[in-house]
Participant: 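This is the structure, below, for whatever I ask next.
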Amino acid sequence: METKYIFVTGGVVSSLGKGIISASIGKLLQARGFKVTIQKFDPYINIDPGTLNPYEHGECYVTEDGFETDLDLGHYERFTGIHTTRNNSITTGRIYKTVIDRERHGDYLGKTIQVVPHITDEIKRRMLRLEVDEFTSKQVDKLNADGNNSLTCQLVNSSTEYDFVITEVGGTIGDIESAPFMEAIRQLRWQLGRDAVCVHLTYVPYLKAADELKTKPTQHSVKELQGMGIQPDILVLRTERHLDDSMRMKVASFCNVDLECVVQSEDMPSIYEVPVSMQKQGLDAAIMRKIGIPVGETPAMKPWHDFLDKQRNAKREVHIGLVGKYDLQDAYKSIRESLNLAGIYNDVKVRLHFVNSQELTTENVATQLEGMAGIVICPGFGQRGIEGKIIAAEYTRTHNIPTFGICLGMQMMVIEFARNVLGYKDANSAEMDDKTPHNVIDMMEEQKTITQMGGTMRLGAYDCELREGSRTVEAYGKATSIRERHRHRYEFNNAYKEEYELAGMKCVGINPAADLVEIVEIPEKRWYIGTQFHPEYSSTVLHPHPLFMSFIETIKH
C-alpha cells in the first residue's frame with residue numbers, strides 16, 4: 001500500500017508526552033502487521049542535542065549510525081524495537097544548514113531564499129523521507145573503514161518503503177519557531193489527502209478549588225491549529241482525572257472532531273501501560289478509519305501483556321544507586337528504563353536512588369551508599385563530580401558491591417584501580433589532567449586533531465569481541481561477538497593493559513578494528529563490570545539488554 005503519514009502535534013503546555021503517544025501509536029500499528037518508523041522534528045536551532053546541557057534537554061540518545069538525537073528516539077526504540085537513524089531526528093538547525101549550504105553551492109540559481117517555499121519544502125522532503133542528504137560517499141567509506149557499517153544500506157537508501165511514517169513535532173502550537181513545521185504539515189495534509197492524519201495532544205487541567213476539569217485550553221489550542229489551516233483528525237487529551245463521555249462530547253463538538261476520535265491519556269502506573277490504554281479506546285482503529293484501511297480484529301499483543309503482568313506482579317524491591325552529577329530524571333533516562341525493564345524480567349521492582357557524585361567523600365560514602373544492592377556509575381563529561389565517582393568505585397570494589405560503570409563510569413573504575421591497586425596515586429584521565437604522568441585514560445588518536453565539538457566523538461555501533469570464560473560473555477549468552485553504541489573521545493590506554501590484567505582487572509571486550517578496550521571486569525567480585533559503550537541505548541521492552549539483566553539477577557540474590 002501507499003505510505004501513510006501521521007503527524008503528532010502538541011498544545012497548551014510542553015512535556016505532555018507526545019513521544020510516548022507517538023511510540024504507542026507505532027506499537028499498535030506494528031501489532032497490526034504494519035511496517036512503521038517514527039521521527040522527531042525539533043524546532044531548536046542546534047544541529048543536534050549533542051552539545052546541549054542534560055539539565056536543559058535530558059539525555060542525548062545515540063543511534064546505531066552514530067547520530068546524537070533527542071531522548072524521544074529512545075522511547076521509539078524501546079516501545080517498537082525499530083532501529084532509528086539520523087533520518088529520524090531533524091532540527092531547525094539541520095533544515096536551515098541544508099538550505100544555506102545549497103544556496104552557497106548555487107543550487108537555487110539566483111532565487112531569493114525564503115521560509116516559504118524553501119525552508120518548508122525542505123521540511124516536507126524530510127517528513128516524506130524522500131532521500132538521504134548530508135551523508136556523502138566519503139562519510140560512508142569512513143564508516144566502513146571504522147567497522148561501523150551495519151546501517152550503511154539504510155543510510156544510502158532511506159526510501160525504504162514504510163506503511164506508516166509517524167512524525168512528532170516538538171514544542172507547542174503557537175511557538176514562533178514551530179511555524180514553518182506547521183505550514184509544512186498544512187501543505188502535506190492538502191497534498192496527501194486521506195493518506196495523512198493529524199493527531200493533536202492537549203492538556204485538560206483540573207482546578208481543585210472548583211473541583212472541575214476545564215476544556216477551554218484544549219479549545220483554544222485547536223482553534224490556533226485551525227488558524228494555521230490544520231484541522232486535527234484525532235485529539236488525545238492528557239488528563240490527571242478521568243473524563244466522562246459528556247466531557248469528551250463537549251470537546252468533540254467545539255473542536256469539530258468525531259467523538260470516537262477523542263481519546264484520553266490518563267496518568268498511568270507506568271508509561272508501558274499507555275499503548276494498552278490507547279488500544280482499548282480505539283486510537284489505532286480511529287487512525288485506520290480516517291485513512292480508509294479496514295480495521296479488522298484487535299491484536300492480542302500477548303508479549304506486551306505478559307510483560308505488563310510481570311510488572312504488576314513484581315513485589316520484592318531492590319535498591320540501586322545511580323552515582324552521577326545530573327540530579328534530573330531525564331539525564332539518565334535510558335539507564336533508568338533499562339534497569340527498570342531488567343528488574344521486571346527478574347520479577348523485582350527496581351527502586352533507583354540518585355547519589356550526587358559531587359557530594360561524595362571518603363567520610364560519607366558508606367552512609368550515602370547504605371542499603372544499595374547495586375551501584376551504577378553513570379556516564380558524563382568534564383571534571384565536575386569525577387572524584388566522587390572514583391570514591392564510589394573504590395568503596396564498591398573493596399566491599400564487593402555489584403557495580404556497573406558506563407562510559408565515563410567505566411573510566412573512573414579504571415582510574416580508581418590504577419590509584420589504589422597499581423599504586424599510581426596520580427593516575428588520571430587526560431580529559432581531566434593533560435599533564436598526568438599516568439594517563440590510564442587517554443584521548444583516542446583519531447580525536448587529537450579535531451577542534452569542533454558537535455558530532456565529532458566516536459559515535460554509533462561498533463564491533464566488540466568478548467573473551468571466552470568471562471562474566472560478560474556469560475551475560476551475553478555465550479555470544480563472543482557483539483555490537484554496541486558509543487559516545488566518547490577518550491579510551492583505555494593500552495600501554496597499561498598488561499599491568500591491569502596481572503593485577504586482576506581483565507580487559508574482556510576488545511574492538512577488533514581499533515584494539516580499543518570496550519569492557520573491563522574483576523572476575524573475583526560478585527559483579528564488577530565497566531563498559532566503554534552505552535548498553536542502555538539498545539535495551540527494549542521485549543528485549544532487555546543482557547548486561548542489565550545479569551546485573552539485576554546478581555543483586556536480587
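The chain is numbered in sequence order, starting from 1.
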Participant: Quick test of your reading of the model: are D258 and K290 salt-bridged, counting only N-O distances below 4.0 Å?
Facilitator: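 Salt bridge flag = yes for K290 with D258.
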Participant: Distance-only, no hydrogens or angles: does the E536 side chain make a donor-acceptor pair with backbone N or O of E337 under 3.5 Å?
Facilitator: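 Side chain of E536 to backbone of E337, a donor-acceptor pair under 3.5 Å: no, none is there.
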Participant: Compare all side-chain heavy atoms of F164 with those of T3 and state whether any distance is below 4.5 angstrom.
Facilitator: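 No. Closest side-chain heavy atoms not under 4.5 Å.
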Participant: Within 45° of the axis and under 6.0 Å from the centre of the six-membered ring of Y206, does NZ or CZ of R241 qualify?
Facilitator: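 Pair R241/Y206 counts as cation-pi.
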Participant: Can you tell me how the ring of F7 sits relative to the ring of Y5, calling it parallel under 30°, perpendicular over 60° and tilted otherwise?
Facilitator: parallel
Participant: How many angstroms lie between OG1 in T63 and CG in N87, if you round to the nearest 0.5 Å?
Facilitator: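 The OG1 atom of T63 sits 9.0 Å away from the CG atom of N87.
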Participant: Work out which heavy atom in I119 is nearest to a heavy atom in V99; give both atom names and the distance.
Facilitator: CD1-CG2, 3.7 Å
Participant: If only atom types and distance count, is the side chain of T69 paired as donor or acceptor with the main-chain N or O of L73 below 3.5 Å?
Facilitator: no
Participant: Does the side chain of V257 reach to within under 4.5 Å of the side chain of V251, using non-hydrogen atoms?
Facilitator: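 Sidechains of V251 and V257: no contact.
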Participant: So Q264 and R248, side chain to side chain donor-acceptor pair (under 3.5 Å) or not? Walk me through it.
Facilitator: CA-CA 9 Å; Q264 55 186 311; R248 290 175 52 242; over 6 Å; no
Participant: With distance as the sole criterion, is a donor-acceptor pair present between the side chains of Q329 and R336 under 3.5 Å?
Facilitator: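 No, R336 and Q329 have no side-chain donor paired with an acceptor closer than 3.5 Å.
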Participant: Do N88 side-chain atoms and T84 backbone N/O form a donor-acceptor pair below 3.5 Å?
Facilitator: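 Here the side-chain-to-backbone pair does not exist.
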Participant: Any sub-3.5 Å donor-acceptor pair from K325's side-chain atoms to N356's backbone N or O?
Facilitator: no
Participant: Surrounding NZ of K124 (heavy atoms of other residues, nucleotides or ligands, distance under 6.0 Å), is the total greater than 12?
Facilitator: yes
Participant: Under a 4.0 Å N-O cut-off, is there an ion pair linking R102 with E122?
Facilitator: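 Salt bridge present between R102 and E122.
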Participant: Do NZ/NE/NH1/NH2 and the carboxylate oxygens of K40 and D72 come within less than 4.0 Å?
Facilitator: yes
Participant: Is there a side chain to side chain donor-acceptor pair (under 3.5 Å) between Y326 and E59 once you walk through the steps?
Facilitator: CA-CA 10 Å; Y326 300 116; E59 78 168 1; over 6 Å; no
Participant: Between Y537 and H534, what is the ring plane arrangement, given parallel below 30°, perpendicular above 60°, and tilted in between?
Facilitator: parallel
Participant: Please examine the side chains of L207 and K214, heavy atoms only from C-beta on, and report whether any two atoms are closer than 4.5 Å.
Facilitator: yes
Participant: Counting neighbours of CD on Q114 that are heavy atoms of other residues, nucleotides or ligands and sit closer than 6.0 Å, is the number greater than 12?
Facilitator: yes
Participant: Before giving the answer on side chain to side chain donor-acceptor pair (under 3.5 Å), spell out for D101 and T98 the whole-Å C-alpha distance, their side-chain angles and the decisive distance to 0.1 Å.
Facilitator: CA-CA 5 Å; D101 286 348; T98 299; over 6 Å; no
Participant: Is the F354 ring parallel, tilted or perpendicular to the Y332 ring (thresholds 30°, 60°)?
Facilitator: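 Because their plane-to-plane angle is under 30°, the rings of F354 and Y332 count as parallel.
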Participant: Walk me through whether E431 and D442 qualify under side chain to side chain contact (heavy atoms under 4.5 Å, CB included).
Facilitator: CA-CA 7 Å; E431 178 184 6; D442 199 11; over 6 Å; no
Participant: Please say whether the positively charged group of K35, taken as NZ for Lys or CZ for Arg, lies over the ring of Y162, i.e. under 6.0 angstrom from the six-membered ring centre and within 45 degrees of the axis.
Facilitator: yes
Participant: So, does S22 use its side chain to make a donor-acceptor pair with the main chain of K18 at under 3.5 Å?
Facilitator: yes
Participant: Looking at D267 and R238, does any basic side-chain N land under 4.0 Å from a carboxylate oxygen?
Facilitator: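 A salt bridge is present here (some side-chain N lies under 4.0 Å from a carboxylate O).
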Participant: Less than 4.5 Å apart, side chain to side chain, heavy atoms only: is that true for D121 and R125?
Facilitator: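 They are not in contact (no side-chain heavy atoms under 4.5 Å apart), so the answer is no.
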Participant: Considering all heavy atoms of both residues, which atom of F79 and which atom of S24 are nearest to each other, and what is their separation?
Facilitator: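 Shortest heavy-atom contact: CE2-OG, 3.8 Å.
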Participant: Is there a side chain to side chain contact (heavy atoms under 4.5 Å, CB included) between Y272 and V541? Walk through the geometry before answering.
Facilitator: CA-CA 8 Å; Y272 305 113; V541 172; 3.4 Å; yes
Participant: Work out which heavy atom in R483 is nearest to a heavy atom in A461; give both atom names and the distance.
Facilitator: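 That would be NH2-O, 3.0 Å.
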Participant: Is there a donor-acceptor pair closer than 3.5 Å between any side-chain N or O of N511 and the backbone N or O of C464?
Facilitator: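 No, because the side chain of N511 does not come within donor-acceptor range (under 3.5 Å) of the backbone of C464.
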Participant: For E518 and Q532, does a side-chain donor sit closer than 3.5 Å to a side-chain acceptor?
Facilitator: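 No, no side-chain donor-acceptor contact under 3.5 Å.
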Participant: Report yes or no: do T167 and R126 form a side-chain donor-acceptor pair below 3.5 Å?
Facilitator: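 Not at all, the side chains of T167 and R126 share no donor-acceptor pair under 3.5 Å.
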Participant: Can you see which heavy atom on S334 is nearest to which on S338, and at what distance?
Facilitator: O-OG, 2.7 Å
Participant: Would you say M247 and T215 make side-chain contact, with heavy atoms under 4.5 Å?
Facilitator: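 Touching, per the 4.5 Å side-chain cut-off.
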Participant: Report the distance from atom CZ of F548 to atom CG of L341, rounding to the nearest 0.5 Å.
Facilitator: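 The CZ atom of F548 sits 9.5 Å away from the CG atom of L341.
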Participant: What verdict does the side chain to side chain contact (heavy atoms under 4.5 Å, CB included) test give for V197 and K4, after you've listed the backbone C-alpha separation in whole Å, the side-chain angles of each residue and the deciding distance to 0.1 Å?
Facilitator: CA-CA 8 Å; V197 168; K4 313 298 180 186; over 6 Å; no
Participant: Is any side-chain heavy atom of I6 closer than 4.5 Å to one of V199?
Facilitator: yes
Participant: Any sub-3.5 Å donor-acceptor pair from N439's side-chain atoms to I441's backbone N or O?
Facilitator: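 The answer is no, because no donor-acceptor pair under 3.5 Å joins these two groups.
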Participant: Do T202 and T218 pass the side chain to side chain donor-acceptor pair (under 3.5 Å) test, and can you show the C-alpha distance, the side-chain angles, and the key distance before you say yes or no?
Facilitator: CA-CA 6 Å; T202 73; T218 291; 2.7 Å; yes
Participant: I'd like to know if E77 pairs up with R485 as an ion pair, taking the criterion as any Lys NZ or Arg NE/NH1/NH2 lying under 4.0 Å from an Asp or Glu carboxylate oxygen.
Facilitator: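 Salt bridge between E77 and R485, a charged N being under 4.0 Å from a carboxylate O: yes.
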Participant: Answer yes or no on whether R458 is positioned over the face of Y462, meaning its NZ or CZ is under 6.0 Å from the six-membered ring centre and within 45° of the axis.
Facilitator: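 Output yes; distance and angle both within limits.
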Participant: Closer than 3.5 angstrom, by distance alone: can the side chain of S277 be matched with the main-chain N or O of E273 as a donor-acceptor pair?
Facilitator: no
Participant: Give the minimum heavy-atom separation between A23 and T80, together with the two atoms involved.
Facilitator: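 In this case the closest contact between A23 and T80 is O-CG2, 3.9 Å.
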Participant: Determine whether M412 and I386 make a side-chain contact, defined as any pair of heavy atoms from C-beta on separated by less than 4.5 Å.
Facilitator: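 Yes - at least one pair of side-chain heavy atoms lies under 4.5 Å apart.
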Participant: Which pair of non-hydrogen atoms, one from V62 and one from H486, has the smallest distance, and what is that distance?
Facilitator: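 Closest heavy-atom pair between V62 and H486: CG1-O, 3.8 Å.
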Participant: How long is the span from the CD1 atom in I293 to the CG atom in L29, to the nearest 0.5 Å?
Facilitator: 8.0 Å
Participant: So R129 and Q39, do their side chains get closer than 4.5 Å, heavy atoms only?
Facilitator: yes
Participant: Atom CE of residue position M268 - does it have more than 12 heavy atoms of other residues, nucleotides or ligands inside 6.0 Å?
Facilitator: yes
Participant: Looking at R189 and D233, does any basic side-chain N land under 4.0 Å from a carboxylate oxygen?
Facilitator: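 The answer is yes: the pair qualifies as a salt bridge.
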Participant: Any ion pair linking R32 and D284 (charged N to carboxylate O, less than 4.0 Å)?
Facilitator: yes
Participant: Can you confirm whether more than 12 heavy atoms, excluding those of Y108, are under 6.0 Å from its OH atom?
Facilitator: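 Result for OH/Y108: enclosed.
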Participant: Can you tell whether the side chains of R487 and E68 come within less than 4.0 Å, N to carboxylate O?
Facilitator: yes
Participant: Give the C-alpha distance, both sets of side-chain angles, the deciding distance and a yes or no for side chain to side chain contact (heavy atoms under 4.5 Å, CB included) between S538 and E484.
Facilitator: CA-CA 8 Å; S538 51; E484 297 285 1; 3.2 Å; yes
Participant: Check for a donor-acceptor pair, side chain of T540 on one end and backbone N or O of R78 on the other, with a separation under 3.5 Å.
Facilitator: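 Such a contact is absent between T540 side chain and R78 backbone.
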Participant: State whether the side chain of S539 and the backbone N or O of H545 hold a donor-acceptor pair below 3.5 Å, judged by distance alone.
Facilitator: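 Yes; at least one donor-acceptor contact below 3.5 Å.
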